[in-house]
Amino acid sequence: MAHVALADQGQALSHPQSFITKYVWSQDHKVIAIQYGLTAIAVGVVALVLSGIMRLQLGFPDTFSFIQPSEYYQFVTMHGMIMVIYLLTALFLGGFGNYLIPLMIGARDMVFPYLNMLSYWVYLLSVIILMSSFFVTGGPTGAGWTLYPPQAIMFGTPGVEWGIILMLVSLFVFIIAFTMGGLNYVTTVLQARTRGMTLMRMPLSVWGIFTATVLGLLAFPALLVSAIMMTLDRVLGTSFFMPAMVSMGEQTDYAGGSPVLFQHLFWFFGHPEVYIVALPAFGIVSDLLSTHARKNIFGYRMMVWAIVGIGGLSFVVWAHHMYVSGMNPYFGFFFATTTLIIAVPTAIKVYNWVLTLWRGNIHLNTPMLFAIGFIFTFIHGGLTGIFLGNVVVDLPLSDTYFVVAHFHMVMGVSPILVVFGAIYHWYPKITGKMFNHTLGKVHFWLTFLGTYSIYLPMHYLGFLGVPRRYFAYEGIDFIPQSALDLNTAITISALFVAVVQLIFFYNMIWSLFKGKPSGSNPWGATTLEWRTPDTPPSHGNWGPELPTVHRWAYDYSVPGAVDDFIPQDVPESEVKMAAS
Amino acid sequence: MLVAVVFMLLVVGSIAFHFLSPWWFTPIASHWQAIDDTIQITFWVTGAVFIAVNLFMAYAVLRYRNRGPDSERAHYEPENKKLEIWLTGLTAIGVAALLAPGLYVWNDFVNVPEDAWEFEVVGEQWRWTFRLPGDDGKLGTSSAYLVNIDNPLGVDPADANGQDDLIVLSNVMHLPIDKPVKMLLRSKDVLHDFAVAEFRVKMDLVPGLVSYLWLTPTRTGTFDILCEELCGLGHFTMRGRVVVDTQEDYDAWRDSLMTFKEMSDVESGDPLIGQATYPVCATCHGSQGEGVVALNSPKLSGQEGWYLETQLRNFKNGVRGAHEDDEFGRQMAPMAALLADEAAIRNMAAYITTFPEHTGDTSLSGDAVRGQHLYRTCGTCHGVNGEGNYATNSPRLRGQEDWYMKRQLQNFISGVRGVHREDLFGPQMRSMSRMLRTEKDINDVVAYINTLEPAVDQNQIADAAMQGGGD
Amino acid sequence: MITIVLFIFAMVGFAYWWLWRQRVLEKPWDDVGPEVDTREEIGRISSAAKVGLTFFLAVVTSVFALFISAYFLRMELPDWSPVMKPEVLWINTGLLVLGSGAIHWCSRAAASKNLRAVQVSLFATGLFTFAFIYGQLMAWGELNDAGYYLNSNPANAFFYVFTGLHALHLLGGLWVWLRTTLRVLAGVELEEVRLSVELCRTYWHYLLGVWIVLFGMLLST
């Protein structure tokens, strides 16, 4: 059997020589990952500031002259789009995917390194195009991140001059970048796993990112198609989505289009998109829990099947975002059923995470705290999703703050807790240094408790019936002053949590220079990325010889073994057994 | 240790918050109690899961935390098929327990009862209007292509069924209690959503199709209609009211409505008749409607007829100018009372629109560049050039006196104007005006409006000359 | 709607079948050692490139399937009026078939190391494909002259979008064709361009298939 691995085929990786080719135009997956990560986090901070301004208006409505309704809606839109697409998707797939996949499967790099490099620069281009919408006439679009037509391209919504066009072009460019990166991730996982690394020996982080990438490759086209059609409607006057209508008293030239068609296309993308964010988080948190509890992930097979099952099911639930859209109401039966079915594999994952902790040996260091915090907030967010998924329950709750609270919990809080946990967990690998533990724990507690205090009460505003995407709430009889006061309290929590993140940035930067050297495997983890000869891993990752894999990714606390972990590339003959 | 305790406290705290929270569903006003019941069931099931899983997790963290090098080793158990099957089964049962009642109630929502009476809700940026079938029980056909200032709902005049339809141009709709009603939802322009919290049900309005919802009102009262699909800048001001009446009150209200035919047959105002009654107005507003600042009377010339009619009506009915702090508005009430009826109001407005254009005073100073930025929101309704728009019920601003605009803005902000329950668009303007937080904001935006070029309407001057209007 | 649902069903079904073949149902914690991994070869660049292209074609299929779904949905509304079909489309179809044939011949020639044949067939591929694209532009011109603009009615809009999108993808293929042709002209060993030519062949055949589907759809509706 000839198993000659990629690097040893004479397919030379590009070997960078200068500063520019090593750190700028690099084809090394680790550099590209850091580029993605830093860009995504930077743009995420921008979106965080925008949300702070939005909360200022909600918490202190009559106070700030610089927040006008048009700015408010523009910030609502940009905050949402940046966070979902340009931060979460780019960070999990472009950032963590790029860094972890080759290392965890024993490859030297991605299979198409040049394309990989291009994908980052195209992503950066899409970010620049998006940000440029702040500087054009009329400013960015204020149509909401969902960009529903007809309003998104009609007078009356901010940004119809240029903002919406730049948004659509930016998304188009992002999708090109995503496709380039995505092809890399899936092909690398399928083709470049080292000897012995069967699919079922891959850590769940890889499964999560891999499945999410497949979802993305199939789902982003729907966003592409709707963006193309909306751009044509806006720029060339076609009527894909635009029915006959009157705008501000004047007849328009549009006729016959269907706004609901856009919603179908958008959510056909939009629902898998949330799993594109969630599945990598699921995979990564499984590895965090397992490593820091010194215990194999409970029910690995079910976890894999659940990831794959959730991936497949995610394509048939989209119209639960459209229950009140005016679509054929009979669809509600179908989509409510599929949506509640998808709750089952998701619940299994939650049980398995908790069962991983049961009878473990739990080290409550910073990554573990974030992982446990994830479980708690994900349970909450997932359960509120069940309210919304059950079609008739969605009737009073749709477009209220209940929805806002739900999706921030499952998309904003939970995955971000995983992001932090993951960054702390792999920080020693990426930098060779250990971060400050005390600051890490303080960061955790303030962030976790702070975000819970923001979003738990928000659900109840939704029950009351407080609508979302409202600039102000005066004159509504059923909204008591106490609800508006609650908004103020939430704003204060939100601003506090935003400021707390400075602790994280300080810790990361300070530790880079002053942190203690961490050693190659400070957590005692079994997965391959901790087994590189150099820390941080050098170009080509493995030195002269690729590793060979002998076991699955979760041999923790194996009965009879001296150490409480056995790395994947340790042959059976070399495992130190306790004298019996 | 601390971790486990905190998580247990969070569970307890969340439950406590739920039961102590004053923020809960509004008292229901429709028959959809079943929705509330389904939500209760959902709370029980999801609540049980929330408590059980989290407490189990907290206990696990407590019991199995690492206590140093001598801690007990973790247990090695790759999977437990039996346990997983049990958990899957229980979860499936829980899910089914939620889905079954949910779909059952949804089925009720989708299948409208035969005896439900129907009416139409028409939404547009940013107001609600309504249309009821006349005595024939049928609504006439309509089309976006037929919408214009005289036929705002686009009812087809060629359809006999539509002639007796009752048109409600205010944003207040009445419903009789205890009768199932199906609301047909239609939009003239973009997506909207008709939502009344007390009714529980809501549905989007989609241009190009007719959607629906149905309910049976079960208690009398007045309830807010909110638009719940982002429809542009005015989304949060798109408000209306539903009044659930006893049958008698409802019948009385319904009898007061005009039919489509009656509205179409309304004669346009006669400027000559209006001219005859104008002299008393001229004493304050000037013989050519040019306004007299010393008497606090704004310029009338150049303003749209429909707006003049609305304001005269509002003054007459005390909807505007009745507030005790509205020093000058209160002077208008007896003036408006001189106009005996609707016809008189129309005639007066018709005459005023024959006045030639005057440029209003510019007496204020402000930062017009900053004002332009602030004006962006205003321009959405009032027009990019301040020309006004009948569709958004926004009067013309350009060419208007700046001191008058400033006073009106202040009146809106302080609630002197625009809070009367019968004022259809005042509350909207009040919401909008609140974005001007300081006096500087007002001065700046008015300074910008001052820079908007009044288009001298040559036709108006010609018309006035032909009719020999003014003296 | 059905089109895209069927497509996703097919993709997901295939994926699940493939995973089953990869023994994803078995327990991985019992086996120790590398022998469990039965792959014959790992990380060959030609396999990687083909897998990559396959996934890319799945993405492109997703795009076209979604547009086709939207097309069928839109067709049902009362204001639909089918678009005029310029005659030149038949000629263009023929040109594309020839282009596909040419690149196919090219890949056979590359395998049998026939340099002359490779050069001729590459040239032919480019010629026919560019001619196809030119012909499509002529079809657009015909429609425009007859007064059928992009925004006249929905059928027109879809026609322009379908043909435009398809041609854009062909242009992308022509980019790879250009690089391959330049390398051949520069005297590179045939073995080194073989992979490129094979990938181009797959891509051309795929786009021919897409065109036949689109053309058939436009003709019949």
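The chains referred to below are lettered A, B, ... by the order of the sequence lines, with proteins before strands, and numbering in each begins at 1. If you're wondering where the values come from, they're calculated on a predicted model, not measured in any experiment.
- Heavy-atom pairs under 4.5 Å with chain B were tallied for A:G142, A:A143, A:P457; the largest tally goes to A:P457.
- Contact of A:W445 with chain B is made through the side chain alone, with heavy-atom distances under 4.5 Å.
- You'll find the ring centres of A:W358 and B:Y64 inside the 6.0 Å limit.
- No other option in A:T157, A:V260, A:L397, A:L464 has as many heavy-atom pairs under 4.5 Å with chain B as A:L464.
- B:S71 contributes atom OG, which lies 12.0 Å from atom CZ of A:R294 (distance to the nearest 0.5 angstrom).
- In this structure, chain A has a heavy atom under 4.5 Å from the side chain of B:K81, while its backbone stays farther away.
- At distances below 3.5 Å, at least one donor-acceptor pair connects side-chain atoms of A:Q151 with backbone N or O atoms of B:L230.
- Taking the six-membered ring for Trp and the full ring otherwise, B:F7 and A:F448 have centroids separated by under 6.0 Å.
- At a 4.5 Å heavy-atom cutoff, the contact between A:I348 and chain B is made by side-chain atoms alone.
- Your options are B:G13, B:A34, B:G208, B:G102, and the one with the most heavy-atom pairs under 4.5 Å with chain A is B:G102.
- Top candidate by heavy-atom pairs under 4.5 Å with chain A, chosen from B:W32, B:Y104, B:W126, is B:W126.
- If you tally non-hydrogen atom pairs under 4.5 Å between each of A:L461, A:L486, A:L449 and chain B, the highest count goes to A:L486.
- Of the listed residues (B:P427, B:S211, B:S431), the greatest number of heavy-atom pairs within a distance under 4.5 Å of chain A belongs to B:S431.
- Side chain of B:R73 to backbone of A:V558: a donor-acceptor contact under 3.5 angstrom is found.
- For the residue pair B:H373/A:E71, the side-chain donor-acceptor check at 3.5 Å is satisfied.
- With chain A as the partner, the residue from B:R65, B:E198, B:R67, B:E72 showing the most heavy-atom pairs under 4.5 Å is B:R65.
- Checked against the 6.0 Å centroid threshold, A:F471 and B:H235 do not count as a close aromatic pair.
- Note: B:L191 CG to A:S325 OG = 9.0 Å, rounded to the nearest 0.5 Å.
- Among A:L364, A:V466, A:I386, the residue making the largest number of heavy-atom pairs under 4.5 Å with chain B is A:L364.
- When B:T38, B:I39, B:V210, B:N148 are compared by the number of non-hydrogen pairs under 4.5 Å with chain A, B:I39 comes out ahead.
- For A:N390 (side chain) and B:L98 (main-chain N/O), a donor-acceptor pair under 3.5 Å exists by modelled atom type.
- For A:D564, the parts sitting under 4.5 Å from any heavy atom of chain B are the backbone and the side chain alike.
- Chain B forms more heavy-atom pairs under 4.5 Å with one residue of A:G138, A:A255, A:A483, A:G382 than with any other, namely A:A483.
- Using modelled atom types and a 3.5 Å distance limit, the side chains of A:Y351 and B:T88 yield no donor-acceptor pair.
- The backbone N or O of A:G326 sits nowhere less than 3.5 Å from a side-chain atom of B:D204 that would complete a donor-acceptor pair.
- Separation of the A:F463 and B:F43 ring centroids falls under the 6.0 Å cut-off.
- Of the two parts of B:V206, only the side chain, counted from C-beta on, holds a non-hydrogen atom closer than 4.5 Å to a non-hydrogen atom of chain A.
- For chain B, the nearby part of A:Y254 is the backbone; its heavy atoms alone come within less than 4.5 Å.
- Interface remark: A:A152 contributes no atoms to any contact with chain B (heavy atom separation under 4.5 Å).
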- Item | Test ring pair (Phe, Tyr, Trp, His ring centres under 6.0 Å) applied to B:F25 and A:Y460, step by step | CA-CA 9 Å; B:F25 285 101; A:Y460 291 84; 9.8 Å; no
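- When B:V201, B:V49, B:I149, B:N107 are compared by the number of non-hydrogen pairs under 4.5 Å with chain A, B:N107 comes out ahead.
- Judged purely by distance below 3.5 Å, without hydrogens or angles, the side chains of A:N352 and B:E84 pair a donor atom with an acceptor atom.
- A pairwise comparison of heavy atoms in B:L99 and A:L340 identifies CD1-CD2, 3.6 Å as the closest pair.
- With a 4.5 Å cut-off on non-hydrogen atoms, A:F155 touches chain B through its backbone and its side chain both.
- Looking only at heavy-atom pairs under 4.5 Å with chain B, the residue among A:T146, A:D399, A:T339, A:D394 that has the most is A:D399.
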